[in-house]
Structure formats: structure tokens, C-alpha cells
Amino acid sequence: VCSSDLTTRPTVLSVSAPSGTYLQGFSVPISVKFSEPVTVTSGTPSLGLANNGSASYVSGAGSDTLVFTYGVASSDSFSSDLNYASPTGLTGSITDLPGNPANLTLPATASANSLSGTSDVIVDSSRTSSDTTPPSVDPTVGVSTTKPAGPYGVGSTIPIKIGRAHVSTPSHTDISR
């Protein structure tokens, strides 16, 4: 290890999350990737989000990626593409393994390495998980095969037929007419 490696401050390279739609009560895991392994030295780092929410540190010390969790609350604003509030939105006491304080400046909010640049996260805090209705399956349709039941080895071919599920879709009625 050369001496410059012992004095170089870690920097944030990117911020990402699994793309998807998150409703009230759901948790969004947000990863902050640094240029080298880091550790949390005191307190709980947080990440301020542009929709008035906040993500709290949960894991990753000793690696180059810290994981934060954002719990979608009813007071949070709707977001069609979640991002952090500003490049200075990461707070906390984070250092590299030799103890150099991390530069906590995040990528510019409009950049490819920002949360909205790496991920498509939609936050709809006006809806809860109970607002979603799972599809109902027609019990007369299912999974079948022409092979008899029994043990089969690796590489065996077992043809299967999967029936289509019947998905219930709410209808819309225009009451203004």
C-alpha cells in the first residue's frame, strides 16, 4: 500500500436503489457506493430525500457500499423519480479504514450517478399496500404435465403446461354523464 492510499479521502461514486413503485409502509433500500471501503464512526448517517423523506443507515460498514433504508410515510410527497434533496444531503460520521473522513458530497442530482439517474423509483405515499389487489386465479386453470409422477434425474425433460390466470380489473364508470 503506497502512502497516498493512507491519506486519500473516500468519495461517493453513485447512489442507487431497486427500481419499482413503493407505497406507504414499503421500505426502499438505497445504496451509496464509495471509492473505497468505509466505516461509520459514530451516530446514524442519513440521506435527505427530495420528497421530504429521509433514509437511515442500516448496514455496509467495512465495505465500499453503505445501505440506507427509506420507509415511505404518509407525510412524504409523491415522487415519480425519487432522488436526494441535494448533493449535500448525506450526513454522518463516515471514514475510510485508516480513519480519513469521507467526502460526503453526492453526485449532482441530475447526473447519471445520482439516485434518479441510476434507478426508477416511484413513491406513492397516498396509497398503502392494502390498496393493491392481487390477481385472482381461476381454479379451473392450473399447472399440468403429461409425465407421470415419479423421480427424475438432472437433465430430464418434463413438459409442463401453465394455464392463464384470470386477473380482476376494476371497471371505471363515468358518473358525469
Side-chain angles (χ1 to χ4, degrees), residues 1-135 167-170 172:
V1 176
C2 70
S3 62
S4 66
D5 290 339
L6 297 175
T7 60
T8 302
R9 294 176 63 183
T11 58
V12 176
L13 300 178
S14 64
V15 181
S16 63
S19 293
T21 299
Y22 296 84
L23 308 179
Q24 184 186 136
F26 286 27
S27 293
V28 182
I30 300 173
S31 298
V32 178
K33 183 170 179 62
F34 286 85
S35 57
E36 63 181 287
V38 294
T39 190
V40 174
T41 55
S42 66
T44 303
S46 66
L47 179 63
L49 301 171
N51 70 336
N52 300 322
S54 179
S56 297
Y57 165 76
V58 291
S59 67
S63 75
D64 67 353
T65 303
L66 298 183
V67 179
F68 294 73
T69 298
Y70 160 53
V72 180
S74 62
S75 60
D76 298 338
S77 301
F78 174 83
S79 175
S80 61
D81 197 7
L82 186 64
N83 210 350
Y84 36 85
S86 76
T88 59
L90 179 60
T91 61
S93 182
I94 302 170
T95 66
D96 63 8
L97 301 182
N100 299 305
N103 177 343
L104 301 181
T105 303
L106 300 165
T109 55
S111 75
N113 290 330
S114 70
L115 179 56
S116 66
T118 62
S119 312
D120 292 317
V121 174
I122 298 168
V123 172
D124 187 351
S125 57
S126 68
R127 295 175 44 217
T128 65
S129 59
S130 63
D131 293 336
T132 59
T133 305
V167 178
S168 300
T169 306
H172 176 268

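As the structure is a prediction and not an experimental result, all values here were calculated from the model.
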Can you sort out the partners of P18 under side chain to side chain contact (heavy atoms under 4.5 Å, CB included), two or more places apart, ordered by chain and number? Y22, P29
Nearest atoms (heavy-atom pairs only) where A112 meets T118: O-CG2, 3.2 Å
Of the non-hydrogen atoms in D124 and F78, which two are nearest, and what is the gap between them? CA-CD1, 3.8 Å
Please check this pair: side chain of Y57 against backbone of A61, looking for a donor-acceptor N/O pair closer than 3.5 Å. yes
Using modelled atom types only, decide if a donor and an acceptor are shared between the side chain of Q24 and the backbone of S125 within a distance under 3.5 Å. yes
Looking at T109, is its backbone amide N or carbonyl O close enough to the side chain of N83 to form a donor-acceptor pair, meaning the two atoms are under 3.5 Å apart? yes
L90 and side chain to side chain contact (heavy atoms under 4.5 Å, CB included): which partner among N103, L104, T105, L66? L104
Distance from S14 atom OG to F34 atom CZ, nearest 0.5 Å? 10.0 Å
Please, which pairs that meet salt bridge (Lys or Arg N to Asp or Glu O under 4.0 Å) have at least one residue in residues 98-108, sequence neighbours excluded? none
Check against side-chain contact (heavy atoms from CB on, under 4.5 Å), T128 and L23: CA-CA 5 Å; T128 65; L23 308 179; 5.7 Å; no
Compute whether any side-chain donor of one residue and acceptor of the other, for S93 and T41, lie under 3.5 angstrom apart. yes
Of all the heavy-atom pairs spanning R9 and E36, show the shortest one and how long it is. C-OE2, 4.0 Å
Tell me, do T39 and T95 make a side-chain contact under 4.5 Å, heavy atoms counted? yes
Any side-chain heavy atom of P45 sitting closer than 4.5 Å to one from I94? yes
Listed by chain and number, what are the side chain to side chain contact (heavy atoms under 4.5 Å, CB included) partners of A108, not counting sequence neighbours? S111
With a 4.5 Å cut-off on side-chain heavy atoms, are L115 and D81 touching? no
Report the residues that fulfil side chain to side chain contact (heavy atoms under 4.5 Å, CB included) with S56, sequence neighbours left out, ordered by chain and then residue number. T44
Within this structure, what is the OG-CG distance for the pair S116 and L82, rounded to the nearest 0.5 Å? 8.5 Å
Heavy-atom closest contact (L106 atom, G89 atom, distance): CD1-N, 4.1 Å
Roughly how far, to the nearest 0.5 Å, is the OG atom of S19 from the CG atom of D120? 4.5 Å
Pair listing, side-chain hydrogen bond (donor to acceptor under 3.5 Å, both in side chains) test, anchored in residues 65-77, at least two apart: N51-Y70, N52-S77, Y70-D76
What residues, two or more places apart in sequence or in another chain, satisfy salt bridge (charged side-chain N to carboxylate O under 4.0 Å, His left out) together with D64? K33
Which atoms form the tightest heavy-atom contact between N100 and P10, and what is the distance? O-CD, 3.9 Å
Taking all non-hydrogen atoms of both residues into account, name the closest pair between V28 and V121 and its distance. CG1-CG1, 4.3 Å
Please report the interatomic distance CG(L47) to CZ(F68), rounded to the nearest 0.5 Å. 6.0 Å
